[in-house]
Number of protein chains: 2
Amino acid sequence: MARTPAPGTRERILATASRLFYAHGVRAVGMNRIISEAGTGKNLLYQHFTTKDDLVAGYLGRVRERRVDAIHRALDAAGDDPRDRLVALVGELGDLVTRTGSRGCAFRNYLVEFPDDSPAGSTDGADTSVGAGTPATLAREHLAEVRAVIDGLVGELGTDDPDRLADELCLVVDGLFMQAAHRDPDGLRRGADTAVRLTRRLVGA
Amino acid sequence: MARTPAPGTRERILATASRLFYAHGVRAVGMNRIISEAGTGKNLLYQHFTTKDDLVAGYLGRVRERRVDAIHRALDAAGDDPRDRLVALVGELGDLVTRTGSRGCAFRNYLVEFPDDSPAGSTDGADTSVGAGTPATLAREHLAEVRAVIDGLVGELGTDDPDRLADELCLVVDGLFMQAAHRDPDGLRRGADTAVRLTRRLVGA
DNA sequence: GTCTATAAGGGGATAGAC
DNA sequence: GTCTATCCCCTTATAGAC
């Protein structure tokens with residue numbers, strides 16, 4: 001059988017595509033450019049990803065794994081206090097946004113770029129199994145995933161109005177990512193610090 | 001001379017283009033669709049807007065005028081207290097985001113869609129005269145404009161660290177607009193309420 | 001003359017075939 | 001890998017209608 005002649009090929013394609021999609025936007029990057037920069041043949045790419053949407057889904061899935069891992073590492077490092085864990089969560093996302101070359105959140109950016117793909121209110125019989133859907137559903141699933149983490153931690157806090165606090169923290173996180181689109185590195189640094197400071201105040205840490 | 005045979009044409013084109021660009025994204029809408037939905041000839045469109053970038057600039061300029069007007073009306077209606085005016089500013093933007101069919105901020109969305117056009121840190125000898133530049137400069141100009149309004153109002157407050165408060169309010173505003181990309185109408189309503197409530201708390205009103 | 005409708009040019013898109 | 005097919009993009013040019 002030996003069905004995988006070059007095990008690194010898929011990952012190399014995915015890494016190249018991810019870098020380009022994230023840096024320039026999904027619509028701005030064509031398959032030709034990915035093929036030429038990945039140094040692979042066109043046949044091989046379409047063998048691993050039958051369509052561009054598949055490749056985009058692979059891109060978002062890859063970012064998602066890394067994002068989830070990074071979040072859980074940050075949470076674990078923060079200890080057991082849900083207050084500290086919430087601050088660590090926002091701090092981790094702040095670090096992500098202030099990294100050089102950062103262009104914010106891959107998922108939110110995708111949804112801005114493709115507003116017509118399964119819009120916010122729709123539940124059109126989509127494949128609800130995690131990780132198998134379209135790019136848009138993948139993006140929304142991840143956002144819901146993070147929201148669930150926030151809800152869980154806020155719930156542990158035992159405050160009067162947990163939904164209210166969770167909404168506030170989500171607003172801060174969204175603001176953090178939106179600023180990546182238009183603020184310079186200095187402003188981003190200050191934006192991330194602001195997000196962490198605000199989080200600290202909101203959770204009462 | 002009588003150089004303007006049909007005075008309403010330009011505005012009709014601009015209205016159609018604005019609706020389509022805002023709803024579906026700039027890249028997703030082609031000139032053909034604008035022409036067909038505006039009911040005008042292709043020649044006439046290119047007579048008023050020599051290139052698609054011109055049309056996009058016209059779109060953003062149009063949104064900008066209306067946005068600035070709406071902001072100033074809201075500020076005037078709020079009275080003289082800078083606290084009330086800041087709350088009114090965020091409230092106005094919240095209303096904008098919760099309107100049916102809203103897709104958030106046209107300027108921020110454009111910058112997400114075209115990250116390579118005059119990126120955040122660049123000051124490549126662009127035309128700095130207001131309203132005459134490329135879409136990207138137009139977008140950045142408007143964001144700076146609103147930031148200046150916030151800075152001014154925060155300055156009137158006479159707090160210890162005005163830059164800090166202004167950063168916090170900008171984070172809230174950015175979060176408000178980012179949520180338009182991925183929250184459903186119910187979530188958006190709560191997000192807007194959260195933004196106003198948070199603003200009230202931050203400015204001490 | 002003013003506008004519409006249509007075709008064509010030049011490029012690049014996805015995707016498939018050899 | 002290259003080559004082709006098909007389509008859509010922006011833009012210009014031409015031809016026809018009022």
Side-chain angles (χ1 to χ4, degrees), chain A residues 4-6 8-10 12-14 16-61 109-110 113-117 133-136 138, chain B residues 1-61 109-110 113-117 133-136 138:
Chain A
T4 54
T9 303
R10 187 189 166 91
R12 183 157 44 92
I13 293 171
L14 213 40
T16 304
S18 297
R19 175 174 54 82
L20 292 174
F21 283 153
Y22 183 67
H24 308 288
V26 172
R27 271 206 153 99
V29 175
M31 298 297 264
N32 280 338
R33 182 166 177 192
I34 294 169
I35 287 157
S36 98
E37 294 209 19
T40 177
K42 184 171 287 195
N43 246 338
L44 206 50
L45 186 148
Y46 277 103
Q47 182 177 325
H48 285 282
F49 304 94
T50 58
T51 174
K52 185 179 180 179
D53 250 33
D54 273 1
L55 186 53
V56 175
Y59 152 57
L60 291 181
N109 290 353
Y110 178 87
E113 216 178 346
F114 296 86
D116 294 339
D117 294 3
T134 66
L138 244 164
Chain B
M1 308 300 184
R3 277 281 232 74
T4 55
T9 303
R10 185 189 168 93
E11 173 56 25
R12 182 159 44 92
I13 293 171
L14 214 40
T16 303
S18 298
R19 175 175 55 80
L20 293 173
F21 284 152
Y22 182 69
H24 308 288
V26 171
R27 271 205 154 101
V29 175
M31 298 296 266
N32 280 337
R33 182 164 177 195
I34 294 168
I35 286 156
S36 101
E37 294 210 19
T40 177
K42 190 170 289 198
N43 229 332
L44 199 51
L45 186 150
Y46 277 102
Q47 182 177 326
H48 284 282
F49 303 94
T50 56
T51 175
K52 185 179 180 180
D53 248 34
D54 273 2
L55 186 54
V56 175
Y59 152 56
L60 291 180
N109 289 354
Y110 178 86
E113 217 178 346
F114 296 86
D116 295 340
D117 294 3
T134 65
L138 242 164

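Reminder, nothing fancy here: chain letters follow the sequence lines and each chain counts from 1. Only heavy atoms go into these numbers, but all of them, side chains included; no hydrogens, no water, no symmetry mates.
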Rounded to whole angstroms, how far apart are [atom1] on [X] and [atom2] on [N]?
X: A:Met31; N: D:dT6; atom1: CE; atom2: P; result: 20 Å
X: B:His24; N: D:dC8; atom1: NE2; atom2: P; result: 17 Å
X: B:Ile34; N: D:dT11; atom1: CD1; atom2: P; result: 10 Å
X: A:Phe21; N: C:dA13; atom1: CZ; atom2: P; result: 12 Å
X: A:Arg27; N: D:dC9; atom1: CZ; atom2: C1'; result: 12 Å
X: A:Leu44; N: C:dA15; atom1: CG; atom2: C1'; result: 16 Å
X: A:Lys42; N: D:dT4; atom1: NZ; atom2: P; result: 13 Å
X: B:Leu45; N: D:dT12; atom1: CG; atom2: P; result: 11 Å

Donor-acceptor pair present, B:Asn43 side chain and D:dT14 base, under 3.5 Å
yes

If you look at every strand shown and take non-hydrogen atoms under 4.0 Å, does A:Thr51 touch a base, only sugar-phosphate, or nothing?
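Counting heavy atoms under 4.0 Å across all strands, the contact made by A:Thr51 is with sugar-phosphate only.
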
Which heavy-atom pair separates [X] from [Y] by the least distance, and what is that distance?
X: A:Thr9; Y: A:Leu44; value: CG2-CD2, 3.4 Å
X: A:Pro135; Y: A:Ala57; value: CG-N, 3.9 Å
X: A:Gly58; Y: A:Leu14; value: C-CD1, 3.7 Å
X: B:Glu113; Y: B:Gly25; value: OE2-C, 3.6 Å
X: A:Leu60; Y: A:Tyr110; value: CD1-CG, 4.2 Å

Are the side chain of B:Lys52 and the backbone of B:Val26 linked by a donor-acceptor contact shorter than 3.5 Å?
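Checking the backbone N and O of B:Val26 against the side chain of B:Lys52, a donor-acceptor pair under 3.5 Å is found.
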
Nearest to the side chain of A:Asn32, which nucleotide is it out of C:dT4, D:dC10, C:dT14?
C:dT14

Side chain of A:Tyr46, heavy atoms from C-beta onward: which of D:dT12, C:dT14, C:dT4 has the nearest atom to it?
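Nearest nucleotide to the side chain: C:dT14.
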
Among residues 52-59 of chain A, which contact DNA chain C at a heavy-atom distance under 4.0 Å?
A:Lys52

Starting at OH of A:Tyr46, measure out to CG of A:Leu55 and round the result to the nearest 0.5 Å.
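Output value for this atom pair is 9.0 Å.
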
